[in-house]
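In what follows, a single structure is set out as structure tokens and then discussed.
The analysis underlying the following values was restricted to heavy atoms, covering all of them including side chains, and did not include hydrogens, waters or symmetry mates. Residue numbers start from 1 in every chain, and the chains themselves are labelled A, B, ... in the order their sequence lines are given, proteins ahead of strands.
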There are 2 protein chains.
Amino acid sequence: MQDSRSGCPISLTLEVLGDRWSLIVIRDIMFGNRRHFRELLGQSQERIASNVLADRLKRLVAVGLLSRRDDPTHRQKAVYSLTEPAIQLVPLLAQMGAWGRRHRPVTPELSIRAELLEQGGPVLWEAFMAELRSVHLGTPSPARSVLAELRAAYDAAVTGAEYNRTSSTTALTGVGRPVKTGPSPSAS
Amino acid sequence: MQDSRSGCPISLTLEVLGDRWSLIVIRDIMFGNRRHFRELLGQSQERIASNVLADRLKRLVAVGLLSRRDDPTHRQKAVYSLTEPAIQLVPLLAQMGAWGRRHRPVTPELSIRAELLEQGGPVLWEAFMAELRSVHLGTPSPARSVLAELRAAYDAAVTGAEYNRTSSTTALTGVGRPVKTGPSPSAS
DNA sequence: TGCAACCGCTTGCAATTTGCAATCGGTTGT
DNA sequence: ACAACCGATTGCAAATTGCAAGCGGTTGCA
């Protein structure tokens, strides 16, 4: 985490994102829609330490990947939002997920987002980015959620049901119930 | 750099690549064709420390992203090669470069690779990966270098000359002369 | 045969960063 | 009044990084 020693795009990107936690934080805000300190602290699989989280939030705000504003409904709450540059990390995160899915010992249920993003390709990435813009930048919502359609189509194509179909964004944002992978165990 | 705390593809990828140096090393092997310890040590912009380089090489070999073999021409020389998983990082590196180019203060001449990779898209990535396979895995060479054609076409399209057109791979691998961006200064 | 240059890599050490647990002062809902 | 919760901070130990020097061995050349 120090200053630039090269004008190389990869090196400069690494300077901002090249640590264990920054992209985890962005992932949780982006896909998990976690907007508050304590949500980010407690509800992710990886259990980031609070001082490290505080430091990363500060740094990510400083470099312009996140913005911080006060929560109007709670005087001492802070809300963290993605900025446009962070939203444009979607393709990068999609590639990371795709690579990890192929080459690392991933858990199937935690791979759903990556799989979806990979299947959907750039078209779905753009749709997702549009939704992120509306959530995080207050951009007027897209006329209708392309994401929902792609999601439903993919659901239908890949399996005759199997997991909960709540709202279209649920699987990507992870705000809904955990995914069910099988029928009720009572009917043995 | 420790063990897995989540089966999430992004998190698991970060566990392997989420540090300041690993991707720099891979970048230099991949694009700069630096295959020996001392080449990696001395010839990159970022000046990695030798103990850190030794550690990263060890780790990258351990996780299967690099392979190490003795150099037949020099008894005590080691040659590092990309493995297939590392070669499949090309799309990820392309996205990193593309993002950095847009959102970080890059140097124009160091952005050429990123620009090329971005312009060429997945088709060029595949061509490049095929070339990497032939160099690093000993795969029979592609019938002819698609890369060369795309490069030449892009050269012609984007500018009426302006930089040296040596071999097709030169600009990507960086093994040739540094890129010239203007006419000879003698004709003022 | 001598010798300087080079080979991958290690060592010692200081500085920085991380992980962990406890806790801060303030706010909120009941 | 009070417990639960808010975004952070503190102190401290452990791990990682950066820096400089140097290791034992190999190579090419005079």
Side-chain angles (χ1 to χ4, degrees), chain A residues 1-6 11 14-26 28-29 32-63 66-81, chain B residues 1-6 11 14-26 28-29 32-63 66-81:
Chain A
M1 320 297 192
Q2 63 189 53
D3 65 331
S4 158
R5 279 163 309 189
S6 161
S11 180
L14 246 18
E15 233 164 72
V16 172
L17 302 172
D19 73 283
R20 167 77 90 254
W21 292 112
S22 295
L23 277 177
I24 294 287
V25 171
I26 289 171
D28 284 347
I29 297 177
N33 200 41
R34 313 210 200 287
R35 311 293 295 273
H36 305 294
F37 190 94
R38 270 178 144 85
E39 286 177 340
L40 289 161
L41 190 60
Q43 297 174 25
S44 79
Q45 300 270 338
E46 289 88 4
R47 318 237 102 239
I48 187 172
S50 67
N51 55 349
V52 176
L53 176 58
D55 178 75
R56 288 304 179 280
L57 289 171
K58 209 172 292 180
R59 255 178 21 96
L60 289 170
V61 169
V63 298
L66 297 180
S67 66
R68 196 202 117 116
R69 60 173 217 279
D70 296 337
D71 188 326
T73 75
H74 191 301
R75 184 142 12 178
Q76 74 181 143
K77 239 174 186 166
V79 182
Y80 292 94
S81 301
Chain B
M1 322 295 192
Q2 63 191 54
D3 66 331
S4 158
R5 280 162 309 189
S6 161
S11 179
L14 245 18
E15 232 163 72
V16 171
L17 303 172
D19 73 283
R20 167 77 89 253
W21 293 112
S22 295
L23 276 177
I24 294 287
V25 171
I26 289 172
D28 284 347
I29 298 177
N33 199 39
R34 314 210 199 286
R35 312 293 294 274
H36 305 294
F37 190 93
R38 270 177 143 86
E39 286 177 339
L40 288 162
L41 189 60
Q43 297 173 26
S44 79
Q45 299 271 337
E46 289 88 4
R47 317 236 102 241
I48 187 171
S50 65
N51 54 348
V52 176
L53 176 59
D55 178 76
R56 288 304 178 281
L57 289 170
K58 208 173 293 178
R59 255 179 20 98
L60 289 170
V61 169
V63 299
L66 297 180
S67 67
R68 196 201 116 115
R69 60 172 218 279
D70 295 337
D71 187 328
T73 75
H74 192 301
R75 187 156 350 198
Q76 74 182 142
K77 240 175 188 167
V79 182
Y80 292 93
S81 301

Nearest whole angstrom, please: distance from the [atom2] of [N] to the [atom1] of [X].
X: B:D71; N: C:dC7; atom1: CG; atom2: P; value: 11 Å
X: A:Y80; N: D:dC6; atom1: OH; atom2: P; value: 13 Å
X: A:D19; N: C:dT17; atom1: CG; atom2: C1'; value: 11 Å
X: B:L41; N: C:dG8; atom1: CG; atom2: C1'; value: 10 Å
X: A:L53; N: D:dC6; atom1: CG; atom2: P; value: 13 Å
X: A:D55; N: C:dG19; atom1: CG; atom2: C1'; value: 13 Å
X: A:R35; N: D:dC6; atom1: CZ; atom2: C1'; value: 17 Å
X: A:K77; N: C:dT28; atom1: NZ; atom2: C1'; value: 10 Å

5' precedence on DNA chain D between B:R47 and A:H36 (nearest-nucleotide basis): A:H36

DNA chain D: 5'-proximal contact among B:I48 and A:A78 (nearest heavy atom): A:A78

side-chain contact (heavy atoms from CB on, under 4.5 Å) evaluation trace for B:I48 with B:I24: CA-CA 9 Å; B:I48 187 171; B:I24 294 287; over 6 Å; no

[N] OP1/OP2 closer than 4.0 Å to side-chain N/O of [X]:
X: B:W21; N: D:dG18; value: yes
X: A:R38; N: C:dT27; value: no
X: A:K58; N: D:dT9; value: yes

Are there any protein N/O atoms within less than 3.5 Å of an N/O atom in nucleotides 13-15 of chain C, and if so, which ones and at what distance?
none

Any A:L40 side-chain heavy atom under 4.5 Å of A:R56 side chain: no

Partners meeting side-chain hydrogen bond (donor to acceptor under 3.5 Å, both in side chains) with A:D71 (sequence neighbours left out): A:T73

Among C:dG19, D:dG7, D:dT9, the one nearest A:A54 by side-chain distance: D:dT9

Selection from D:dG7, D:dC19, D:dT17 that lies nearest to any side-chain heavy atom of B:R56: D:dT17

Counterpart residues, salt bridge (charged side-chain N to carboxylate O under 4.0 Å, His left out), relative to A:R75 (two or more places apart): none

Closest contact, heavy atoms only, [X] versus [Y]:
X: B:V16; Y: B:R59; result: O-NH2, 3.6 Å
X: B:H36; Y: B:A78; result: ND1-O, 3.0 Å
X: A:S50; Y: A:L41; result: CA-CD1, 3.5 Å

Sequence neighbours excluded - salt bridge (charged side-chain N to carboxylate O under 4.0 Å, His left out) pairs with any residue from residues 35-51 of chain B: B:R27-B:E46

Atom pair CG (B:L60) and CD1 (B:I29), whose distance is rounded to the nearest 0.5 Å: 7.5 Å

Residue list, side chain to side chain contact (heavy atoms under 4.5 Å, CB included) with A:A49, at least two apart or on another chain: A:N51, A:V52

Touch class at under 4.0 angstrom, heavy-atom based, for A:R68 against every strand present: sugar-phosphate

What does the list of N/O pairs under 3.5 Å between the protein and nucleotides 26-30 of chain D look like, with a distance for each?
{"residue": "D:dT26", "atom": "O4'", "partner": "B:Q76", "partner atom": "OE1", "Å": "2.8"}
{"residue": "D:dT27", "atom": "OP1", "partner": "B:R75", "partner atom": "N", "Å": "2.8"}

